[in-house]
Amino acid sequence: MTVFHYVLKRSIANKTSLLILFLFPVVAIFLPSGEYWPHLPYGYQYFGIFILFISLKLSGLILEDRMRGIAKKLSIAPISHFSYLAQNLLAYFLILVLQCLILVYGGVFFGKELYQPFWLLILFLTFSMASIAFALMWISFFRNKEISMLIFMSMISVIALIGGVLIPIELLPEVLQKVAITLPTFWLAWGIDWIIFGGEVKEFLLVNGMLILYMFLFLIIGSVKKLH
Amino acid sequence: MMRVLRTIPYTLIRMSRDYITLLLLLVVPIILITIFYFVLGDMKNQYGDLAFYDTAQLMTLVFQLFGGSIVIAYIQDDLFSARRQRILVAPMSLPLYALSISLCGMFFSIFLGFLLVLFTGVGLNVEWGNVFWVMYIIALLAVLSSLVSLILIFSVKNIKLAERLSDVYGIGCVVLAGLFFPIPDYPVITFINEYLNPLLLAANAISYAQSNLFSDAYIYMFRLGIGIVITFIIVYVLGRRKI
């Protein structure tokens, strides 16, 4: 687990990154609640977008390895590509797990109305997995960290809007509602609705199942070995 | 002087080929505004106007706040890192060249704003009122954002940090204006929004002019102008030390 260890270290070594990683969930706890919508406080409603950005920022390390030729050195080192990727992704996931824990149980501690905190945590965790896989796929299209981040930003603002995270999905025209089903954020928004209004367990399983399915899809595309 | 003037067309060509800036500051707002056009539809605000008009105007102004990133990128590349040595040996005045890049950046940002006004006005039938007044306010906002970015790049050593801080400036204005979530009514925040937040100053100047309350519109324009004067003085002092 050497790679895991060092990825973790690199991710939080820098003071600014440490601040960004752990200050934001704390701030998000204290954001106000909306009047009619969203039903969860704003910090929780928007946390999905935050998870997407953090996973891209974290997986920037892999892109950096590829650009600086470390990936080449690793390919002749006695470590398999699978092991390298798995340890990287595991480290990112661990950081996101910590953030989700801080957010959800911090909210419980300060008496925020979260309906079903445990299921909310599970939902955020599956979404984190999907979004890390998505980030892995995303960086495989680029050779420059900044450019990947900028294009990601423009894309996220659109899919967050269409996916029903920023505004309720019922407001969108029907065509866009149908398009939205293909976006992971749609399933996140649906999961949040389930947590608030309750419903059959089957539905929640479907939401998480879809997110995990997305994870596998993105992983398959993103895990191709790249040596530039 | 003439030599610097001769670089201007090339600076403009470079900017117009910077596809990522175009994507972020032109294509994304067009997509977002179009989605809001469908979402808000015929919804009315409390004055009986279409709610979409306010949103489209605010979105257009919001993206002017991020126009300063153009100036940051070019000043950084040409004067502080990649091309610094080459520019230094070029037979032209460095401060004048810095000025010309900054002016080109501001002009480009204003031009993108004009395209957005054109798109919302002609394509989506948003009522903007007097277009010249609107363009004047957008120009003030773009100049102010660029000056703020210049202050950041001159006062912060780390370029990454300067870029992030300019994002903080833009996003901070948006958050304080209450576009993401309603902001509580603390006196401090009300004061900032009334006197300091450039986004709301510009939005108010435009909306008061639309309802023909020019005395109010002039007040907000005047506050923006004061902001520009103050930031310009700071840029002048800092810039003389750095360049």
Side-chain angles (χ1 to χ4, degrees), chain A residues 14-17 19-20 23-24 27-28 30-38 40-47 49-50 53 57 60 142 144-177 179-180 183, chain B residues 18-43 51-52 55 59 62-63 66 69-70 72-73 76-77 81-82 156-168 170-172 174-176 178-186 189:
Chain A
N14 181 317
K15 263 184 209 152
T16 339
S17 6
L19 198 72
I20 292 174
L23 188 70
F24 270 109
V27 171
F30 296 103
L31 290 187
S33 314
E35 248 178 80
Y36 308 106
W37 193 91
L40 286 178
Y42 278 100
Y44 295 82
Q45 181 72 27
Y46 294 164
F47 195 62
I49 305 172
F50 176 75
F53 274 109
K57 190 180 154 31
F142 294 92
N144 182 318
K145 225 169 145 183
E146 267 80 47
I147 293 175
S148 78
M149 189 65 168
L150 288 173
I151 298 183
F152 190 72
M153 245 154 61
S154 40
M155 209 197 54
I156 289 302
S157 48
V158 175
I159 74 166
L161 192 63
I162 300 180
V165 178
L166 286 176
I167 51 169
I169 192 146
E170 296 81 33
L171 289 180
L172 291 170
E174 280 199 14
V175 184
L176 285 183
Q177 284 190 28
V179 175
L183 303 174
Chain B
D18 189 352
Y19 298 115
I20 297 201
T21 312
L22 283 177
L23 176 75
L24 274 174
L25 294 181
L26 191 64
V27 178
V28 171
I30 285 181
I31 295 176
L32 290 183
I33 292 175
T34 314
I35 293 175
F36 273 110
Y37 175 70
F38 289 119
V39 169
L40 294 174
D42 297 330
M43 223 187 283
F52 169 65
T55 314
M59 297 280 279
V62 162
F63 282 90
F66 298 96
S69 59
I70 305 173
I72 286 201
Q76 166 66 21
D77 274 2
S81 59
V156 181
K157 269 195 187 144
N158 183 343
I159 170 68
K160 286 263 172 63
L161 189 63
E163 275 177 350
R164 288 296 85 77
L165 283 177
S166 83
D167 290 346
V168 169
I171 294 173
V174 177
V175 168
L176 279 178
L179 292 188
F180 279 134
F181 45 83
I183 289 288
D185 270 346
Y186 296 127
I189 293 178

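Given the structure is predicted, the values throughout are model-derived calculations rather than measurements. Just the heavy atoms: all of them, side chains too, but no hydrogens, waters or symmetry mates, feed the values below.
Chosen from I31(B), L32(B), L40(B), the residue pairing most often with chain A at heavy-atom distances under 4.5 Å is L32(B).
Heavy-atom contacts from other residues, nucleotides or ligands closer than 6.0 Å to CZ of F63(B) number more than 12. Annotation for F53(A): atom CZ counts as buried by contact number, over 12 foreign heavy atoms lying within 6.0 Å.
Proximity to chain B involves both the backbone and the side chain of L150(A), based on heavy atoms less than 4.5 angstrom apart. Contact of Q45(A) with chain B is not made at all, since no heavy-atom distance falls under 4.5 Å.
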query: Yes or no on side chain to side chain contact (heavy atoms under 4.5 Å, CB included) for L176(A) and V39(B), after CA distance, side-chain angles and deciding distance?
result: CA-CA 10 Å; L176(A) 285 183; V39(B) 169; 5.9 Å; no

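Annotation: the span from I167(A) atom CD1 to F36(B) atom CZ amounts to 5.5 Å, rounded to 0.5 Å.
Within the 4.5 Å cutoff, no side-chain heavy atoms of V27(B) are placed close to those of S154(A).
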